[in-house]
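One structure is given below, encoded as structure tokens.
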Amino acid sequence: EAGVTQFPSHSVIEKGQTVTLRCDPISGHDNLYWYRRVMGKEIKFLLHFVKESKQDESGMPNNRFLAERTGGTYSTLKVQPAELEDSGVYFCASSNTGGGTEAFFGQGTRLTVV
Amino acid sequence: AQSVAQPEDQVNVAEGNPLTVKCTYSVSGNPYLFWYVQYPNRGLQFLLKYITGDNLVKGSYGFEAEFNKSQTSFHLKKPSALVSDSALYFCAVRDRRDDKIIFGKGTRLHILP
């Protein structure tokens, strides 16, 4: 069974540019989560999809961030325009619904804004 | 609001000694509780979880964790540490009502040979 995959693994962009991160969850997982970790700090919750619907987007920093999950399969997270403070590692995770099942994580995308 | 606290940024333990990595949480109701480990340049790997039942749960690589409802804690433990256990450990809680998962800030575990 394929795990959660994220693309790209690394991205270096200039301030003001646009970047789109992609996450392919484990097939059949309704829950999809995005997180960000800035160096040495917590893994901060960004948002949570259930199928194609945004269940909770309370962690999205501002309106420069846009997440989509068309058709309830893969998800994209777009940052436009990127700022220096957006640098960090963006993790995606997926899980089944309910029952205390654990979430499975992708390798993360390391975003560096210069 | 939900929160997870890992009070120690770093824990140093000599190889062969027991280790404990602390975690406390604040969430409404009875959450599911998890521990994850991250090795360098890798994603997070699931270690163990508490859903219900026995307060002591066992997981991968000889790790275990003890759920204490009165203290709202879920400390990670291992009887005898290995150098290969050196990594970053994250505690997480999952809300039973909406499946939201939040993490602590992580604790770096150093096992000294």
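The sequence lines fix the lettering, A, B, ..., with proteins before strands; numbering per chain opens at 1.
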Evaluation steps, side chain to side chain donor-acceptor pair (under 3.5 Å), between N12(B) and Q10(B) | CA-CA 7 Å; N12(B) 298 320; Q10(B) 182 167 309; 3.1 Å; yes
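Considering only heavy-atom pairs separated by less than 4.5 Å from chain B, the leading option among E102(A), H48(A), Q107(A) is E102(A). Among K41(A), R110(A), R37(A), Q6(A), the residue making the largest number of heavy-atom pairs under 4.5 Å with chain B is R37(A). When each of D98(B), D9(B), I101(B) is checked for heavy-atom pairs under 4.5 Å with chain A, I101(B) comes out on top.
Looking at Q6(B), neither its backbone nor its side chain comes within 4.5 Å of chain A, counting heavy atoms on both sides. Of the atoms belonging to L88(B), it is side-chain heavy atoms, and not backbone ones, that fall under 4.5 Å from chain A. With a 4.5 angstrom heavy-atom cutoff, D30(A) does not touch chain B via any of its atoms. Only the side chain of S95(A) comes within contact range of chain B, with at least one heavy atom under 4.5 Å from a heavy atom of that chain. Using a 4.5 Å cut-off between heavy atoms, Y50(B) does not touch chain A at all.
Within a 6.0 Å radius of NZ in K105(B), more than 12 heavy atoms belonging to other residues, nucleotides or ligands are found. K78(A) NZ: 12 or fewer foreign heavy atoms inside a 6.0 Å radius. Annotation for K54(A): atom NZ counts as buried by contact number, over 12 foreign heavy atoms lying within 6.0 Å.
Salt bridge annotation for D99(B)-R94(B): present, with a cationic side-chain nitrogen under 4.0 angstrom from a carboxylate oxygen.
Cluster membership check: F46(B) shares its hydrophobic cluster with F90(B), using side-chain heavy-atom separations under 4.5 Å among Ile, Leu, Val, Met, Phe, Trp and Tyr.
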